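Step one of this worksheet: look at the structure below.
A quick note: this is a predicted structure, and the numbers were derived from the prediction, not measured.
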Amino acid sequence: MPEGPAPAPVIQRLRVRYTKRGRLRFTSHRDISRAVERAVRRAGIPVAFSAGFTPHPKISYAGAAATGVASEAEYLEIGLTETRDPARVRADLDAALPPGIDVVDVVPVRAGRDGDARHKPGAFADRLEASEWRIRLDGVSHDDAAAAVAAFTAAENIEVERLTKKGRRRFDVRAAVSAFELDRRAAEAADAPCAILRMVVRHSNPAVRPDDILTGLRQVADLAPPSPPLVTRLAQGPLDADTGGLADPLDPDREIGLPSGDDATTAGGQERPQPGDAASADAVSA
């Protein structure tokens, strides 16, 4: 067993929404996590550490976008050994991160009663039921893109093949897409002729990725962009079955409750100071 005192307990958990923009889209998730850890140290945020011979900061990630994909809605959770104002953490962490990784929202995790599954580890990942994607296809005409979208949505199933960790697999991509449209206004505002697709894709196993959707479009409509697509995740969260849209996954945490760490109360049984709520700074680029 490692010698020395036990690590300080988690007193407060914060959930963070951040972006991956510009050239940072080509940064791997491992490099993103290293940048976040360095920024946490620079900002003086009292992050908790795991026990053992090689302690690690208690920072976990949910639904990270693939390398080469930009995102307006990446999420992480961080455990703190002291209570901090989420708005101050947002400002300090954002200032310490490199340009392109921008912290847009920080909320404290609501404390729940013992046995409440909504507040157990992994519960936040369960809220991320789907993602909204934007795909820019330079050199593709509006008519060709519209015909491809119509063919895709009219199909009952579209099977594609992809190499996964378990070998080559075939799976249906049509069933995962709950909404699909051509964004005419965004295309008209673009600086070059292009088609811009927007879609809501359910999270599934195996995961249906934007490149799988493009493979499906090539199968049903022979749509082959002359240049690599620019893919951006606009949002991820709970899927509204009635509207097909996404809700904010941080909304259930915005009502302040008790700090939800390893210890939610002081030794004397009194509640620890409650953090203030942070104003949302969502900004989706067009």
Side-chain angles (χ1 to χ4, degrees), residues 2 4-65 67 70-111 119 121-125 127-128 233 236 249-250 253-254 256 258-264 272-283:
V10 174
I11 301 302
Q12 182 188 40
R13 296 185 188 276
L14 299 176
R15 285 174 179 154
V16 178
R17 176 183 172 184
Y18 65 97
T19 69
K20 188 170 67 162
R21 296 169 172 159
R23 297 177 63 184
L24 268 294
R25 73 170 64 218
F26 301 108
T27 305
S28 69
H29 176 62
R30 178 174 294 182
D31 288 336
I32 291 287
S33 63
R34 289 172 178 168
V36 170
E37 291 178 15
R38 288 195 295 267
V40 166
R41 291 196 297 270
R42 291 194 197 103
I45 298 172
V47 62
F49 282 82
S50 62
F53 290 100
T54 56
H56 297 285
K58 291 193 173 183
I59 305 174
S60 59
Y61 299 81
T67 303
S71 179
E72 294 292 325
E74 300 295 284
Y75 293 94
L76 64 84
E77 183 175 305
I78 181 170
L80 306 185
T81 58
E82 301 174 13
T83 300
R84 287 290 186 268
D85 177 10
R88 181 62 182 271
V89 171
R90 192 207 67 78
D92 291 346
L93 185 58
D94 184 61
L97 283 165
I101 306 179
D102 302 311
V103 179
V104 295
D105 206 359
V106 176
V107 300
V109 180
R110 291 185 60 191
H119 304 283
F124 181 73
R127 299 181 195 170
L128 306 182
R233 173 151 57 193
Q236 58 176 325
L250 296 180
D253 299 310
R254 295 189 191 280
I256 302 304
L258 295 176
S260 55
D262 296 338
D263 294 325
R272 294 188 184 274
Q274 300 179 14
D277 196 7
S280 176
D282 299 347

Checklist entry - Among all residues two or more places apart in sequence or in another chain, which pass the ring-ring contact (aromatic ring centres under 6.0 Å, His included) test with Y61? => result H29
Checklist outcome for this item: Closest non-hydrogen contact found for V103 with L97 is CG2-CD1, 3.6 Å
Item to check | Atom of P108, atom of Q12 and distance for their closest heavy-atom approach | outcome: CB-NE2, 4.3 Å
Checklist entry - What pair of heavy atoms forms the shortest contact from G79 to V10, and how long is it? => result CA-CG1, 3.9 Å
Next on the checklist: Once ring-ring contact (aromatic ring centres under 6.0 Å, His included) is applied, do any residues pair with Y18, and if so which ones, sequence neighbours excluded?
Outcome noted: none
Next on the checklist: Going by the rule ring-ring contact (aromatic ring centres under 6.0 Å, His included), which residues pair with H56 if we only count those two or more places apart in sequence or in a different chain?
Outcome noted: none
Next on the checklist: Give me the atom names and distance for the closest heavy-atom approach of V89 to R84.
Outcome noted: CG2-CB, 3.6 Å
Checklist entry - Yes or no on side-chain contact (heavy atoms from CB on, under 4.5 Å) for E74 and L76, after CA distance, side-chain angles and deciding distance? => result CA-CA 7 Å; E74 300 295 284; L76 64 84; over 6 Å; no
Checklist entry - Where the side chain of R13 meets the backbone of V109, is there a donor-acceptor pair that is under 3.5 Å apart? => result no
Item to check | Nearest-0.5 Å distance that lies between atom CG in D102 and atom NZ in K20 | outcome: 13.5 Å
Next on the checklist: Strictly below 4.0 Å, N to O, side chains only: are R254 and D105 in salt-bridge contact?
Outcome noted: yes
Checklist entry - Distance from I101 atom CD1 to I32 atom CD1, nearest 0.5 Å? => result 3.5 Å
Item to check | Atom of V47, atom of T81 and distance for their closest heavy-atom approach | outcome: O-CG2, 4.1 Å
Checklist entry - Roughly how far, to the nearest 0.5 Å, is CD1 of I78 from NZ of K58? => result 12.0 Å
Next on the checklist: Looking at R42 and A96, would you say the former's side chain and the latter's main chain have a donor-acceptor pair under 3.5 Å?
Outcome noted: yes
Checklist entry - More than 12 foreign heavy atoms under 6.0 Å from CZ of R25: is that the case here? => result yes
Checklist outcome for this item: In terms of heavy-atom contacts, A62 and Q236 come closest through O-NE2, 4.1 Å
Checklist entry - Does a salt bridge link E72 with R21, judged by any charged N lying under 4.0 Å from a carboxylate O? => result yes
Item to check | From CA spacing to verdict: side-chain contact (heavy atoms from CB on, under 4.5 Å), I59, E37 | outcome: CA-CA 8 Å; I59 305 174; E37 291 178 15; 4.2 Å; yes
